[in-house]
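Down below is the structure, laid out as structure tokens.
What you see is a predicted model, and the numbers here were worked out from it, not measured in a lab. Chain naming here is simple, since letters A, B, ... match the order of the sequence lines and numbering starts at 1 in each.
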Amino acid sequence: MDYKAKEIESFWQKYWLDNRYFEPNSNEDITKPKKYVLSMFPYPSGRIHMGHVRNYTIGDTFARYYRRMGYNVLHPIGWDSFGMPAENAAIKHAVHPKKWTYENIAYMRNELRSLGLSFSVEREFATSDPDYSKFEQEFIIELWNRGLLYKKKSHLNWCPKDQTILANEQVIEGHCWRCDTEITQKEMEQYYLKITNYADELLADLNKLDQWPSQVKLMQENWIGKSRGLKFSFQLETSSLSLSLKNIEVFTTRPDTIYGVSYIAVAPEHKLIDDLLNADSLSDEVRNEILTIRKTSPRDRATQEKSGVPLNINAIHPLTGEKIAVWTANFVLVDYGSGAVMAVPAHDERDFDFSKKYNLPVKIVIKNKNSNIETVLPFTDDGLIVNSDKFSGLDSNNGREAVIREFENLKIGEAVINFKLRDWGISRQRYWGTPIPLIHCKTCGTVPEKIENLPVSLPDDVQITGEGNPLDHHQTWKHCKCPVCGGDAIRETDTLDTFVESSWYHLHYTSPDVKNIAFGNTDYWLPVDHYIGGIEHAILHLLYSRFFTKVLRDIKKVNIDEPFKHLLTQGMVLKDGAKMSKSKGNVVDPDEIIEKYGADTARLFILFAAPPTKELEWNDSAVEGAYRFIRRLALKSDFAFSENNINKILELPNIDHSKLNKNEKFARRKVYEAYKRANDVFSKTYTFNTLIAGVMEAMNGLEEQSNSEIWTEGYWVLLNILEPIVPHISWELSKKMFNLANLGEISAPDEVFQLDQITLGVSINGKNRTEISVSPDADEVEILQVAKKSVAKWLEGKTIIKEIIVQKKLINLVIK
RNA sequence: GCGGAUGUGGUGAAAUGGCAGACACGCCAGACUUAGGAUCUGGUGCCUGACGGUGUGGAGGUUCAAGUCCUCUCAUCCGCACCA
């Protein structure tokens, strides 16, 4: 048969669509086992790229495999369609974000279809659809009512010219990306989700994710950053001053170094500084220094040299009563712990650098346990406590507990747990996002919109210029009535971070009616069995969706703790050793590849060139190779089935294995080995490249013989294996030859794996010398006899001191 | 700096501690061809004329046996980056 990729592919794509072949069975009394396969949904940027092709091909391969194995498969797609690029396009090309977004979706939907991806059409949605916003706004209101959503002031990048907030990536070397104006920090009220309430559970439940890559779990663990330590206060010597603050609270994970404190450092934003500025007790020089640091963004501070100023005020060490100087320093973070640290320069690198710069005292309180080794400062490891009164002589571990107990007994401190994880800021001062469904009323305060008024939809009549927030300028949208008292009120003009939409879209796909129902049979469909996406989402998206799942569980919407059972993080697609990008000019356009070779070739190459988790190097001639293989598959089908044959073959031919010759037996074995390997790959290793190699070996084996029944059987099995990988050609041939009867489960006959002769390697002292061929029933004595004979020339004049036989593999003779 | 991953032919890559390089790309030689960027046959880690030797970033170690396990080290990539 000739291979005409285009004809075959468009025929089957239409066939699948017309027959609703990819729609899951949504009857409520579902008895079939299910699989939920999900590739991360795309942002509709305009055109698909090779990363998408890889992502969706991997997902599709799982989905098709499970369908073939008889599962009820949910394999949906949608669009993460809110976000900044639409507004950028609006600014640049004067096109409305909605128009731009939905046109992109229409185009990309066709691109994905041309790859033969088996997505459910009926469950597709875009997160910018008002129906989706409606459900999301309901959750947001619920969270507000439960106190999990709250307002807090925080600092944002502000462009004074455009009167707009800028995202970090819009700030280029401290200047606005549009107008190049120097940005400033502006304090504004922002909305936060209390993800920190779930910090402990998010950390602990990582242990349940046994099918996640360990490095993703580790990244999340570090991001959550749990640490245990001592919280206590230093009394301030404030006799000469009237300050509202009488003491400074600090947090330390090293209570064992408590006797080594030589100064205290507070963050420049610490309340104590406000007090001192108000009390006017600081010199102009110190005051200016503090104000300079305060103006510096946290990002810049991180790269600067450590610096600070003394505040000319002392604190009292709670155990020794010593006076300790209080400083402010640029490296102390205001929003971690209590915004102040006890500095132990001898045993902390930051404190050490700082003390060196300002000549502050350094007191050694920890020594290396091996006393022969001189202690090089700063010594930050655990060790033996010295110079610490009654704690001297303890090791760090015991010392920490002892000091904590002492503070707790004296009721001047306590053991506490701290997290690096901060609450999730979800408000954005942008147009193209889900409106936050809250209303500000002068008498009632901030109140949620009535549920029956949802969704709060975006107004279409806006001008997007990049200056200010269009919603804030829209008078008829902005002004409304208070849902509580009916008085004049103002809508919240902030919209939600798009990470909110992507935190629960996987749950919405369970709905058989995505426009009207938030969730379908969640108990049946959840969790997602295979989630496929880029490693770049290892922290934020995956943490937020885990969080959101737990929140929705707590408000009784779903009944699971973790949303994604198996996570497969795909590698990047490279060309010439670098990530494909326009600026490098190394982009390969999926549409062109499909046009030239067809979708099956693109899919086969992408799965064959590397295992899915590794980087994939694009190689034009290897793509040709993939194409050649598919064409060979089409051409050689003539050996298995004649097109003149009107009767299709509806069951496997009955082959008498014992009557076959060597090559025929070999071909059969290779075919069924490929089948076995395919099942292994889908259930354990996910290395589709080796599965394809197995199929190629089987094809090579078939070509070494000419028995047409074996060809027929070979095609029956190989098309079955290949269907998830190269669906179009597989359906085309399966239909022609077998009326699709081969696309179900297959059982491999045992006889094909039985060998007449087995080959064993013979080694001497571990070095491979030759190989022998024996009957599979040969006993050890016989095997050794043959083996020794085969290596006689190496044994001459030597004595064998050990004989090792590894079943079906090799013989190793140790000689002297 | 901390953490993680990866290092195997000319290239992409295979290999439950058991014959390293399966499968492909490329290359070489040949066949069929007016022609070949089609197809088919054979070859292809490196050194050597051959016997043979050698070989999985480098150095050690464990083992009858190491790409695989352990220690140290180098390189590349990725993530986090003052979290007290």
Using Watson-Crick or G-U wobble geometry with both distances below 3.5 Å, tell me the partner of [N], or none.
| N | value |
| --- | --- |
| B:rC72 | B:rG58 |
| B:rA50 | none |
| B:rG67 | none |
| B:rU8 | none |
| B:rG42 | B:rC28 |
| B:rA22 | none |

With the side chain of [X] defined as its heavy atoms from C-beta on, choose the nearest nucleotide among [options].
| X | options | result |
| --- | --- | --- |
| A:Pro611 | B:rC82, B:rA84, B:rA13 | B:rA13 |
| A:Lys767 | B:rG52, B:rU54, B:rG26 | B:rU54 |
| A:Val814 | B:rC64, B:rC25, B:rC23 | B:rC64 |
| A:Ala609 | B:rU39, B:rG12, B:rG3 | B:rG12 |

Distance, rounded to the nearest Å, where [X] contributes [atom1] and [N] contributes [atom2]:
| X | N | atom1 | atom2 | value |
| --- | --- | --- | --- | --- |
| A:Glu617 | B:rU6 | CD | P | 19 Å |
| A:Leu218 | B:rC2 | CG | C1' | 11 Å |
| A:His270 | B:rA84 | NE2 | P | 17 Å |
| A:Lys357 | B:rC82 | NZ | P | 17 Å |

What integer number of Å spans the [atom1] atoms of [N] and [M]?
| N | M | atom1 | result |
| --- | --- | --- | --- |
| B:rU16 | B:rC64 | P | 23 Å |
| B:rC19 | B:rU11 | P | 24 Å |
| B:rU71 | B:rG3 | P | 14 Å |
| B:rA59 | B:rG9 | C1' | 24 Å |
| B:rU6 | B:rC70 | P | 12 Å |

Under 4.0 Å from OP1 or OP2 of [N]: is there any side-chain N or O of [X] that close?
| X | N | result |
| --- | --- | --- |
| A:Thr690 | B:rA13 | no |
| A:Asn619 | B:rA13 | no |
| A:Asn689 | B:rA14 | yes |
| A:Arg769 | B:rG53 | yes |
| A:Arg632 | B:rA38 | no |
| A:Lys793 | B:rG52 | yes |

Enumerate the protein-to-nucleotides 16-21 of chain B contacts in which both atoms are nitrogen or oxygen and the separation is below 3.5 Å.
residue: B:rC19; atom: O2; partner: A:Glu771; partner atom: OE1; Å: 3.3
residue: B:rC19; atom: N3; partner: A:Glu771; partner atom: OE1; Å: 2.9

How would you label the contact of [X] with the nucleic acid (heavy atoms, under 4.0 Å): base, sugar-phosphate, or nothing?
| X | result |
| --- | --- |
| A:Gln304 | base |
| A:Asp351 | nothing |
| A:Glu615 | sugar-phosphate |
| A:Arg677 | nothing |
| A:Phe608 | base |

Heavy-atom closest pair, residues A:Pro345 and A:Gly260:
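Scanning both residues, the minimum pair turns out to be CD-O, 4.1 Å.
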Quick one: side chains of residues 783-795 of chain A, donor-acceptor pairs under 3.5 Å with protein atoms, not counting sequence neighbours, listed by atom name and distance.
residue: A:Lys788; atom: NZ; partner: A:Glu803; partner atom: OE2; Å: 2.8
residue: A:Ser790; atom: OG; partner: A:Ala787; partner atom: O; Å: 2.6

Cation over ring, A:Lys306 on A:Phe354, under 6.0 Å and within 45°?
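No.
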Are the side chain of A:Tyr358 and the backbone N or O of A:Gly308 linked by a donor-acceptor pair below 3.5 Å?
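Yes; at least one donor-acceptor contact below 3.5 Å.
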Chi-angle category of B:rG45 [syn within 90° of 0, anti beyond]
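Anti.
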